[in-house]
Amino acid sequence: MGDKIESKLIAKAAKVNTIPGFDGVVKDAEEAVKIAGEIGYPVMIKASAGGGGKGMRIAWNDEETREGFRFSSQEAASSFGDDRLLIEKFIDNPRHIEIQVLADKHGNALWLNERECSIQRRNQKVVEEAPSTFLDPDTRRAMGEQAVSLAKAVKYSSAGTVEFLVDSKKNFYFLEMNTRLQVEHPITECITGLDLVHQMIRIAKGYKLQHKQADIPINGWAIESRVYAEDPYKSFGLPSIGRLSQYQEPLNLPNVRVDSGIQEGSDISIYYDPMISKLVTYGKTREEALTKMEEALDNYVIRGVTHNIPLLREIIVHPRFVSGDISTKFLPEVYPDGFKGHMLTAGERRELLATAAALYVAAQLRSQKFLGDLRVSVVPAESRQWELCVELDKGVQMLGVSRSGNNYTLRAGCVFLSQNCTSNWTPCSREGPGGSSVPACFGNVEIDGEKVEVSGDWNLASALLPITVNGKQRTLQCLSRTAAGEITLQYLGTSFKVRVLSKLAASLSKHMPEKVPEDTSSILRSPMPGSVVAVSVKPGDNVAEGQEICVIEAMKMQNSMTAAKTAKVKSVHCKAGDTVGEGDLLVELE
């Protein structure tokens, strides 16, 4: 069943719904074009021994079929040692729903409900949930019965998964069978109460199944987010490498499970899949599971590598996902121009500015203390004053903060998106770590006439920064603070760079020269770490915009690098077999 060609033939014989296509092995690119023409575009080219989205390409015309055949066969050979391909009709805008099966050596088999796996990028799953919002009991039963029929047809024993594509009319088609434990198996365990690994061991020992089909429940809802070492701003996730300098899983939260194979100090390399962990949340309802996932993602600390938590958090709060209106095209439809991170509303921007200013003041107060005492005893402790300039993107907020005893007042006059604002800030004070007095409650802040109430413990040594903004609990992360006043905050999953300066520093900063951005149209840099598979040009060649220049393989996935403009090749800085890092120069154009 691990062979897609053979499994499709077996599925047909077992009267399982299958996708129309060519059931044999495709010999070469020209035969692929001929078969695709007979089936009708679009078609899916896929590795017979494939899995995990590797060795798969969608083709909408003859040229894409030739290119897809080349990349799919190379990926298949690299990943599975088997370059055989098959071609079948591509079902446009489907859902990817799979059925978990469990079968013993005595002819007994069960289906353990479904998992919705439609949120994908490059045919690899990103977010899964169980059960699906889309299936009704009749469709669920029909899919489950066909999955069990297929398992029995091949005398399967153990836990396995039968994957289906489901169209908008709830017609479903066999995709493949995974004869192993799936990455997303924890969400099935959450809603059924069965330990699948335990069941696999019992079956392998020769015991009969303990349960009947009527015993299998759907209790509650479970969501899984695949946390990857990837840059979500590049094609929804190109691999990232590095060492996990700080790593803290949100296991302090109830109904949260994290399955991982790494720890603080682990290296993420180019040679293996970029998955860091599987983050699973459970609730009595889908709303409860989603709320818990938001909280878990905000409390997940990952430093040292670029990760996809910004994308995961945006997916689970998006109105289309929350309403269940999803398909395998969700990401390109919702983000047609690529993922850009969280777009701040006016209220969220005010929250972020107020938090950054509060954090700056907390850091200033802590820097004046040593073991609870003032660093310089002759400096009067009764008053402190700050005049601050807070910058976010191209907006500038001028803030004045004064301190007398434990009372703080903030008034602001600013130019912020062509609006004026005033602020009143009345924090209290409490003893911080080591006895140092740090602001614990930054009270009322008015920006653009809107009051923002910010309070928190402001433990600057903690990776997490739990605060309350306008009565709502938020968990931020301070990713970095520099002497130049630059503060990087992870807020609502996305990293924002805020600069907080004193009035004097802000007045002098205009004299600092700005770095001229590099002209990227004339150079090609590697967007990810990997190895060079092929170089298609040499110095002096003329290339057209969009023409392939080289191919980079990262974590068993091949990526075609193309020219940004029509030009002549000036120089080539790589060759097949080279290992390159992210940002390395590959080719220069004139």
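All of these numbers come straight from a predicted model, not from anything done at the bench.
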Do the side chains of Val127 and Leu312 get nearer than 4.5 Å, heavy atoms only? yes
Side chains of Glu98 and Cys117 in contact at under 4.5 Å (non-hydrogen atoms): yes
Using 0.5 Å steps for rounding, measure from the CD1 atom of Ile552 to the OG atom of Ser560. 10.0 Å
Before accepting this row, confirm whether a basic side-chain N of the pair Glu288/Lys292 lies closer than 4.0 Å to the acidic partner's carboxylate O. no
Starting at CE of Met561, measure out to CG of Leu524 and round the result to the nearest 0.5 Å. 7.0 Å
Do the side chain of Gln100 and the main chain of Gly160 share a donor and acceptor less than 3.5 angstrom apart? yes
Yes or no on side chain to side chain contact (heavy atoms under 4.5 Å, CB included) for Val26 and Ile45, after CA distance, side-chain angles and deciding distance? CA-CA 10 Å; Val26 183; Ile45 303 166; over 6 Å; no
What verdict does the side chain to side chain contact (heavy atoms under 4.5 Å, CB included) test give for Leu196 and Leu112, after you've listed the backbone C-alpha separation in whole Å, the side-chain angles of each residue and the deciding distance to 0.1 Å? CA-CA 10 Å; Leu196 294 184; Leu112 309 183; 3.5 Å; yes
Kindly check if the number of other-residue, nucleotide or ligand heavy atoms within 6.0 Å of NZ (Lys565) is above 12? yes
Check step by step if side chain to side chain contact (heavy atoms under 4.5 Å, CB included) holds for Gln146 and Val162. CA-CA 9 Å; Gln146 286 200 15; Val162 181; over 6 Å; no
So CG of Leu165 and OG of Ser327: to nearest 0.5 Å the spacing works out to 11.0 Å
For the side chain of Lys278 and the backbone of Glu224, is there at least one donor-acceptor N/O pair under 3.5 Å apart? no
Flag yes if more than 12 heavy atoms outside Arg320 fall under 6.0 Å of its CZ atom; otherwise flag no. yes
Supply the atom-to-atom distance Thr494 OG1 to Met343 CE, rounded to the nearest 0.5 angstrom. 7.5 Å
Between CG on residue Leu85 and CE on residue Met56, distance to nearest 0.5 Å: 11.5 Å
Go through it in stages, so that I can follow the logic: the residues are Leu194 and Ile216, the test is side chain to side chain contact (heavy atoms under 4.5 Å, CB included), and I'd like the CA-CA distance, side-chain angles, deciding distance and then a yes or no. CA-CA 9 Å; Leu194 293 180; Ile216 307 303; 3.9 Å; yes
In terms of side-chain geometry, is the basic nitrogen of Lys170 or Asp136 positioned less than 4.0 Å from the acidic oxygen of its partner? yes
Taking atom types as modelled and ignoring hydrogens, do the side chains of Ser235 and Arg122 form a donor-acceptor contact shorter than 3.5 angstrom? no
Tell me whether Glu88 is salt-bridged to Lys46, with the criterion being a basic N under 4.0 Å from an acidic carboxylate O. yes
Between Ala563 and Val543, the two heavy atoms sitting closest are CB-CG2, 4.0 Å
Is there a donor-acceptor contact under 3.5 Å linking the side chains of Ser571 and Glu588? yes
Would a distance-only check, ignoring hydrogens and angles, find a side-chain to backbone donor-acceptor pair under 3.5 Å from Lys8 to Phe22? no
For Leu135, is there any backbone N or O sitting under 3.5 Å from a side-chain donor or acceptor partner on Thr139? no
Is the Phe330-His318 ring centre distance short of 6.0 angstrom? yes
Could you go through the salt bridge (Lys or Arg N to Asp or Glu O under 4.0 Å) check for Glu30 and Arg66 one step at a time? CA-CA 7 Å; Glu30 292 311 311; Arg66 291 187 181 93; 2.9 Å; yes
Between the side chains of Ser277 and Glu249, is a donor N or O closer than 3.5 angstrom to an acceptor N or O? no
Distance only, no hydrogens: is a donor on one side chain within 3.5 Å (strictly under) of an acceptor on the other, for Tyr41 and Asp62? yes
Determine, stepwise, if the pair Glu189 / Arg257 fulfils salt bridge (Lys or Arg N to Asp or Glu O under 4.0 Å). CA-CA 11 Å; Glu189 295 185 335; Arg257 168 177 170 175; 2.8 Å; yes
Any salt bridge linking Lys169 with Asp167? Criterion: basic side-chain nitrogen under 4.0 Å from a carboxylate oxygen. no
Do the side chain of Ser48 and the main chain of Asp3 share a donor and acceptor less than 3.5 angstrom apart? no
Can you find a side-chain donor-acceptor pair between Thr285 and Glu287 that sits under 3.5 Å? no
Using distance alone, with no hydrogens and no angle criterion, decide if Glu114 and Ser132 have a side-chain donor and acceptor under 3.5 Å apart. no
Is a donor on one side and an acceptor on the other found under 3.5 Å between the side chain of Asp83 and the backbone of Ala77? no
Would Arg313 and Phe321 count as a cation-pi pair here, with the cationic atom under 6.0 angstrom from the ring centre and within 45° of the axis? no
Does atom NZ of Lys329 have more than 12 heavy-atom neighbours from other groups under 6.0 Å away? yes
Ser149 (side chain) donor-acceptor with Glu145 (main chain) under 3.5 angstrom: no
Nearest 0.5 angstrom please: Ile218 CD1 to Cys190 SG, how far? 13.5 Å
For Gln558, is there any backbone N or O sitting under 3.5 Å from a side-chain donor or acceptor partner on Glu75? yes
With a 4.0 Å cut-off, would you call Glu582 and Lys234 a salt bridge? yes
Distance-minimising heavy-atom pair for Ser240 and Ile268: O-CG2, 3.7 Å
Please confirm whether Arg121 makes a cation-pi placement over Phe339, using NZ or CZ under 6.0 Å from the six-membered ring centre and within 45° of the ring normal. no
Between Thr306 and Asp231, does any side-chain donor sit less than 3.5 Å from a side-chain acceptor? no
Non-hydrogen atoms of Ala153 and Ala14 that approach each other most closely: CB-CB, 4.0 Å
Basic-acidic side-chain contact under 4.0 Å: Arg226, Glu184: yes
